There are 2 protein chains.
Amino acid sequence: MMLNPYQIIKSSIAGGIASGQWRVGEVLPSENALCKRFSVSRMTVNRAMRELARERLINRVPGRGSFVAEPVAQSGLVQIRNIAHEIVSRGSVHRSVVLTLGWADATEDVAADLGARRVFHSVLVHYEDDVALQIEDRFVAPEMAPSYLDQNFARVTPNAFLMGVAPLSEVEHVVQAAAASVHVASLLGVDVGSPCLVVHRKTWSGGRPVSVAILYHPGARFRLSGRFSA
Amino acid sequence: MMLNPYQIIKSSIAGGIASGQWRVGEVLPSENALCKRFSVSRMTVNRAMRELARERLINRVPGRGSFVAEPVAQSGLVQIRNIAHEIVSRGSVHRSVVLTLGWADATEDVAADLGARRVFHSVLVHYEDDVALQIEDRFVAPEMAPSYLDQNFARVTPNAFLMGVAPLSEVEHVVQAAAASVHVASLLGVDVGSPCLVVHRKTWSGGRPVSVAILYHPGARFRLSGRFSA
DNA sequence: GAGTGGTCTAGACCACTCA
DNA sequence: GAGTGGTCTAGACCACTCG
């Protein structure tokens with residue numbers, strides 16, 4: 001892994017932020033200071049810092065300096081697929097707890113979506129550094145993943161498992177804001193009635209429905225983002 | 001409207017692609033050729049081309065050249081682009097009220113996003129059959145749409161107008177759930193603290209930021225949906 | 001006035017591709 | 001070997017902020 005000087009500087013600054021060497025809002029060394037520290041020209045430092053700003057790790061203000069940006073838990077709209085991976089890639093610790101795993105009678109909606117009356121049902125809570133970030137309430141079509149109930153979902157997320165046995169061909173998302181019910185609030189550790197981001201996610205593999213999931217996120221701690229070109 | 005050399009080059013190339021001067025897959029002039037054409041140093045051309053590549057307008061291959069990229073398939077995800085059209089297509093009546101339209105001092109965040117301190121600011125409320133469906137709080141870079149303040153936004157939505165004067169090249173969405181403030185609640189006709197779906201939407205045209213909008217929707221009456229193929 | 005980030009220059013070396 | 005993009009240098013000027 002050969003890194004260019006500007007990449008080394010980026011990694012160094014990003015690492016310093018992740019490790020808490022600099023706190024949120026704190027001033028980072030100036031470009032000239034970094035030139036001396038890394039023995040490079042200012043254009044090289046400038047590129048590193050410009051890219052960090054574009055990636056929203058830092059804020060830059062002409063005449064004042066560069067500052068550590070506020071971190072936000074952010075997921076890609078298209079890729080809510082692996083929340084464990086996203087949490088880990090932010091430098092946090094992911095942990096999940098399996099609350100339910102077994103057969104269930106599908107509601108009429110779910111039965112229509114999955115084309116089955118008896119389905120697999122799992123409920124997990126995903127934690128980022130011991131703070132609840134997502135409730136994953138999932139129904140799975142048994143024919144599409146017969147070994148679903150034999151998995152240890154504390155180690156491999158249901159999504160990751162399903163991607164393996166039934167490769168994704170299509171996804172549908174419906175996003176809405178809702179007030180936390182008593183049940184949801186207690187699992188997420190928020191107040192009853194506080195705003196939650198609720199994602200209904202339906203997946204297909206080879207044109208056949210695989211799974212329907214309802215994902216609850218605490219409004220104050222979670223955002224979805226997406227960027228597209230026209 | 002002061003453009004830096006690298007921005008001029010970006011706009012020129014982006015415009016040439018948009019206008020069909022170069023077709024998809026076609027080779028663009030080399031960096032050295034562009035140096036001569038624009039009478040700038042290679043680093044300046046390089047920055048322009050590197051940013052166009054990051055914005056996926058072009059592909060660059062070392063040793064070969066720069067090529068016009070395949071336009072990315074619109075994910076159709078958060079097609080909030082024209083709420084008036086969406087409402088009408090549901091068979092409802094769309095009506096909007098302009099609450100604010102004028103100059104404003106940008107907050108630090110908005111100034112950083114738009115690259116301007118003094119910006120245009122508009123606030124609208126969109127109604128579906130006389131029920132509030134969206135508050136549209138928008139900031140616009142004046143250079144990108146100089147005639148913004150002269151428009152009648154009760155007839156043509158800001159988004160539709162901007163699409164005309166500054167064709168969309170890129171969109172970024174951040175979606176979150178939040179509790180309605182007193183102000184938001186009164187405009188949407190919901191209870192204070194009730195869940196709202198808040199969309200931060202940032203748009204670019206030819207690689208330059210055009211507008212930042214914050215869209216508030218009543219959680220009980222609004223959903224976003226999207227469907228993708230893998 | 002000292003310091004900051006934003007930008008630009010006119011060179012340079014490299015790895016790569018293609019004829 | 002000629003041409004390409006990827007990167008770097010050691011200067012420079014500017015507008016801005018802050019004490």
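Fair warning: this is a prediction, and the values are worked out from it, not measured in the lab. Order of the sequence lines fixes the chain letters, A, B, ..., with proteins taken first and strands second; residue numbering starts at 1 for each chain.
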May I ask you to verify if any side-chain N or O of [X] is less than 4.0 angstrom from the OP1 or OP2 atom of [N]?
X     : N     : result
B:R60 : D:dG6 : yes
B:S30 : D:dT4 : yes
A:S66 : C:dT4 : no

Can you name the nearest heavy-atom pair linking A:I13 to A:W22, along with the distance?
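So the two residues come closest at O-CZ3, 3.9 Å.
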Could you pull out the closest heavy-atom pair between B:M144 and B:V210, with the gap in Å?
CE-CG2, 3.8 Å
Salt bridge (charged side-chain N to carboxylate O under 4.0 Å, His left out) partners of [X], counting only residues at least two apart:
X      : answer
B:D113 : B:K202
B:R64  : none
B:E31  : B:R42, B:R60

Could you list the residues that satisfy side-chain hydrogen bond (donor to acceptor under 3.5 Å, both in side chains) with [X], not counting sequence neighbours?
X      : answer
A:D130 : A:R95
A:E51  : A:K10, A:R47
B:R37  : none

Any salt bridge (Lys or Arg N to Asp or Glu O under 4.0 Å) involving residues 147-164 of chain B? Give me the pairs, sequence neighbours left out, ordered by first then second residue.
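Those involving residues 147-164 of chain B do not exist here.
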Separation of [X] atom [atom1] from [N] atom [atom2], in whole Å?
X     : N      : atom1 : atom2 : answer
B:I9  : D:dG5  : CD1   : P     : 13 Å
A:N59 : D:dC16 : CG    : P     : 20 Å
A:F67 : C:dG3  : CZ    : P     : 16 Å

Check nucleotides 7-11 of chain D against the protein and report each pair of N or O atoms closer than 3.5 Å, with its distance, or say if there are none.
from	atom 1	to	atom 2	distance (Å)
D:dT7	OP1	A:N4	ND2	3.4
D:dT7	OP1	A:Y6	OH	3.2
D:dT7	OP2	A:R47	NH1	3.1
D:dT7	OP2	A:R47	NH2	3.2
D:dC8	OP1	A:P5	N	2.7
D:dC8	OP1	A:Y6	N	3.4
D:dT9	OP2	A:S41	N	2.9
D:dT9	OP2	A:S41	OG	3.2
D:dT9	OP2	A:T44	OG1	2.6

Check: protein-nucleotides 17-19 of chain D nitrogen or oxygen pairs below 3.5 Å:
from	atom 1	to	atom 2	distance (Å)
D:dC18	OP1	A:R64	NE	3.2

ring-ring contact (aromatic ring centres under 6.0 Å, His included): which pairs involve residues 101-124 of chain B, sequence neighbours left out?
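Every ring-ring contact (aromatic ring centres under 6.0 Å, His included) pair that includes a residue of residues 101-124 of chain B, provided the two are not neighbours, is B:W103-B:F120, B:F120-B:Y148, B:H121-B:F139.
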Under the rule of Watson-Crick or G-U wobble with both distances under 3.5 Å, where | means paired to another strand and [ ] a crossing pair, DNA chain C maps to ||||||||||||||||||.
Residues that A:A33 engages under side chain to side chain contact (heavy atoms under 4.5 Å, CB included), provided they are two or more places apart
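Scan of A:A33 (side chain to side chain contact (heavy atoms under 4.5 Å, CB included), adjacent residues dropped) gives A:P29, A:S30.
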